[in-house]
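First the structure, in the form of structure tokens, and then the observations on it.
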Amino acid sequence: MRFSNYFIPTIKEVPNDAIVKSHILMIRAGMIRQLTAGVYSYLPLGFRVFNKIINIVREEMNSIGGVEFQLPGLSPNELWMESGRYEIYGDDIFKLKNREMVLAPTHEEIFTTIAKANLNSYKSLPQIWYQIHTKFRNEARPRAGVLRTREFTMKDAYSFDKDWEGLDVSYEKHAHAYRNIFFRCGLKFFSVKAHSGAMGGKDSEEFMVEAEAGEDSVLLTEDRTYASNIEVAVSYREPVGRKNSNLSFEKFSTPNIKSIDELADFLKITDKSRLAKSRVFVNVKTNEDGTKTNEYILALVCGDDEVNESKLTVLFGLGLRPAHNEELPEITGADAGSIGPIGIKNPNVKIIADQTLKEADELVSGANENDFHIRNIDLTRDVNNIEYYDIRTAKDGETIPGTDKKLREAKAIEIGHIFKLGLHFSQKLGAYFLDKDGKENPIVMGSYGIGVQRLAASYIEQNNDENGIIWEGEISPFHIHLICVNPKIESTKIFSDKLYDELGKKGYEILYDDREDIRPGFKFKDADLIGLPVQVIVGEKNLNEGKIEFKLRRTGERFLIPENELIVLLNNYKYLFGFK
RNA sequence: CGGAGCGUAGCGUAGCCCGGUUAUCGCGCCAGAUUUGGGAUCUGGAGGUCGCAAGUUCGAAUCUUGCCGCUCCGACCA
């Protein structure tokens, strides 16, 4: 590609709106431009990278037997009401104003509709169906350039199996394909156990790239044998245990004490583990007749721990939400800050506590009366029907239960998600098949996604320096940045043109900076910013001695080589181009 | 949705607090000249509904109110 005939609007200055590295560099290198919040135009260079990723994804999906579709972006409201997601998604789904339709944020419903009509026999299962195209999500807060947007390209795949064992196989195939994809894209990635989210389902694994710009928190061991999203991570914490002094509980005045920290200061103690923190949750249950009832839950953890809402959701279901501040006095008798397990106003509140508090005594907690707490609470003696679960959020520095392996907390970007969906959509939308015995069964489904732009941004997060992006491997937009220092000098122009043709014929993808009236420094800066793995520089002085310059982008190393050695040298570096 | 900040030429900005000539500067752009190995120099030039609307005022980029948009933090996030 001749630069003079291409379109790469590079920018020297850092754009005002960009904070995150990959965002800044994608704009500066002329890959993307923002149209409005969370909506980006893909410029030729960016589009080229995305397409490289798409091709890798396509190859790996095909290799596990995936078949490619292209489904509509528009779909009728009705379909989403049937699956129940019209409500669940709420504002996150784009709704058309002049037609009863939505812009699909994902395609379970539509793929399932096709499965319902056509996968009627166990003989037609299993199937892996996928597509690579645009998704629309009305994100409340798009951020960090292309990392979280309202319109993006996603590879979404769905597996259809006759039983759970079949799903396991389909799931493993995807896990394998995903590892190949991310490896080929040159990412340093890992996978974590994940929360399987609103649709129920069993196993779920997220593929992560560690990056400061990430929105997810993960806990991992240094040897990466364990990694987990913080939403589900389990770690060991010494139980609080019993002191058995058998002190009776007593209420005491704690004026204006709202937080655990304030309470600790007030009591002049530093160990907050016995200051039991109470959080109140409302679990909205839908009854058979469609009416709704509220279940109330009080969750206790150590004062220096946090309640993990994802873990609670697993225990109680999707209707769970934190109680609003206005509801608290009605449920407990006090405002946030004075709530505890003893003397709750509503006698039907279910009390649960984290395992670390199992049978603990001499606890301090709110008295369910503003500005009062209670000390010497013995959960075994004083709280009836208490149940213990793992409901705390694991923390940096803690160990994996039963080992001495330490967990480190890190920020990460989720680049892919594989997920055993189960029966939710097949049952809701009526996708059943007949088994060998002529019996009707719901199809067992899996769902698998990869965000294309997010993957590119993740790569850039991991591969950049103060001069720009550093591309290497299969997703580099081109292989070689050929720079003719001054095309106005005939000898260099003739030589560069010839080199461009020859290298092209050898299968190299070349970005050829043939621009006239651009000073050399400008071309070099552009080359480093765009960041192709190898730069070949043709200048008058060197060429007069039969030499050209060869530069490696990552290390900045330059070699002055005889022109006829270029082909051999390039061959030595073919791994930089993702050549086998 | 809550909190904070911002909106002046394609990009980055000064001016705003304390209202008053022709709205500042740099990059980029156009023309010419000189230049050509790390984002050139000089000369000349084009480019603006100061986000929008209403208000206060003799007079508003500047003050007030409302709206819109964007960014960041948080909430949310199959």
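Proteins come first, then strands; the chains are lettered A, B, ... in the order of their sequence lines, and each starts at number 1. Being a predicted model, the structure only gives us computed values, none of them experimental.
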Quick one: is A/R141 getting a side-chain N or O under 4.0 Å of the B/U71 phosphate, OP1 or OP2?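 It does not, given that no N or O in the side chain of A/R141 lies less than 4.0 Å from OP1 or OP2 of B/U71.
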Check this one for me: any side-chain N or O of A/N486 less than 4.0 Å away from OP1 or OP2 of B/G37?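 False: A/N486 side-chain N/O out of range (4.0 Å or more) of B/G37 OP1/OP2.
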Check salt bridge (Lys or Arg N to Asp or Glu O under 4.0 Å) between [X] and all other residues, then give those that pass, not counting sequence neighbours.
X      : value
A/R148 : A/E139, A/E215
A/R2   : A/D497, A/D514
A/D526 : A/R515

Mapping A/V14 and A/K541 to their closest nucleotides on RNA chain B, which lands nearer the 5' end?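 First, find each residue's nearest nucleotide; the 5'-ward one identifies A/V14.
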Which is more 5' along RNA chain B, the nucleotide nearest A/K525 or the one nearest A/R143? Just name the residue.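 Its nearest nucleotide lies further toward 5', so the answer is A/K525.
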In whole angstrom, give the distance that lies between atom [atom1] of [X] and atom [atom2] of [N].
X      : N     : atom1 : atom2 : result
A/L543 : B/G37 : CG    : P     : 14 Å
A/R553 : B/G38 : CZ    : C1'   : 13 Å
A/I489 : B/G37 : CD1   : P     : 8 Å
A/R33  : B/G12 : CZ    : C1'   : 13 Å
A/I530 : B/G38 : CD1   : P     : 18 Å
A/I93  : B/C77 : CD1   : C1'   : 14 Å

With a 4.0 Å cut-off on heavy atoms, is [X] in touch with a base, just the backbone sugar-phosphate, or nothing at all?
X      : answer
A/T36  : sugar-phosphate
A/A37  : sugar-phosphate
A/R28  : base
A/L529 : base
A/K488 : base
A/A144 : sugar-phosphate
A/R137 : nothing
A/E540 : nothing

Determine the interatomic distance between [atom1] on [N] and the same-named atom on [M]; round to the nearest Å.
N     : M     : atom1 : value
B/A4  : B/A60 : P     : 30 Å
B/C30 : B/U21 : C1'   : 29 Å
B/G5  : B/U64 : P     : 14 Å
B/U56 : B/G69 : C1'   : 26 Å
B/G19 : B/C63 : P     : 9 Å
B/A40 : B/A14 : C1'   : 26 Å
B/C25 : B/G45 : P     : 13 Å
B/C29 : B/G74 : P     : 39 Å

When you look at A/V102 and A/S75, which way does the side-chain contact (heavy atoms from CB on, under 4.5 Å) test go after all the steps? CA-CA 6 Å; A/V102 304; A/S75 57; 3.6 Å; yes
Could you work out, with ring pair (Phe, Tyr, Trp, His ring centres under 6.0 Å) as the rule, every residue matching A/Y448, not counting sequence neighbours?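 A/H174.
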Quick one: ring pair (Phe, Tyr, Trp, His ring centres under 6.0 Å) partners of A/Y296, sequence neighbours excluded?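 Here no residue qualifies.
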Closest to the [X] side chain, choosing from [options]:
X      : options             : value
A/N16  : B/C77, B/G12, B/U36 : B/G12
A/D517 : B/U71, B/U36, B/G38 : B/U36
A/E309 : B/G37, B/C76, B/C73 : B/C76
A/R519 : B/U35, B/G39, B/U71 : B/U35
A/F524 : B/C77, B/U35, B/G38 : B/G38
A/N542 : B/G38, B/G37, B/U35 : B/G37
A/A140 : B/U71, B/G37, B/C76 : B/C76

Nucleotide N/O of nucleotides 26-34 of chain B paired with protein N/O under 3.5 Å:
residue	atom	partner	partner atom	Å
B/G26	N2	A/E13	OE1	3.0

Do A/I460 and A/M31 make a side-chain contact, defined as non-hydrogen atoms from C-beta onward lying under 4.5 Å apart?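 Yes. Closest side-chain heavy atoms under 4.5 Å.
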Centre-to-centre under 6.0 Å for A/F3 and A/Y512, is that the case here?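 Centroid distance A/F3-A/Y512: not below 6.0 Å, so no.
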Tell me if the aromatic rings of A/W129 and A/Y158 count as close, with their centers under 6.0 Å from one another.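 Centroid separation for A/W129 and A/Y158: 6.0 Å or greater.
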Mind jotting down which residue pairs meet the side-chain hydrogen bond (donor to acceptor under 3.5 Å, both in side chains) criterion with at least one end in residues 556-566 of chain A? Sequence neighbours excluded, please.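 Of all non-adjacent pairs touching residues 556-566 of chain A, those that pass side-chain hydrogen bond (donor to acceptor under 3.5 Å, both in side chains) are A/E549-A/R558, A/T555-A/E557.
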Once you measure the plane-to-plane angle for A/H107 and A/H133, does it fall in the parallel (<30°), tilted (30-60°) or perpendicular (>60°) bin?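 Taking A/H133 first and then A/H107, their aromatic rings sit tilted (interplane angle of 30° to 60°).
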Base-pairing string, 5' to 3', of RNA chain B - Watson-Crick or wobble, under 3.5 Å, | interstrand: (((((((..(((.......[....))).((((((.....)))))).....(((((..]....))))))))))))....
Please list, chain by chain and in numerical order, all residues satisfying side chain to side chain donor-acceptor pair (under 3.5 Å) with A/D465, sequence neighbours excluded.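 Here the qualifying residues are A/R553.
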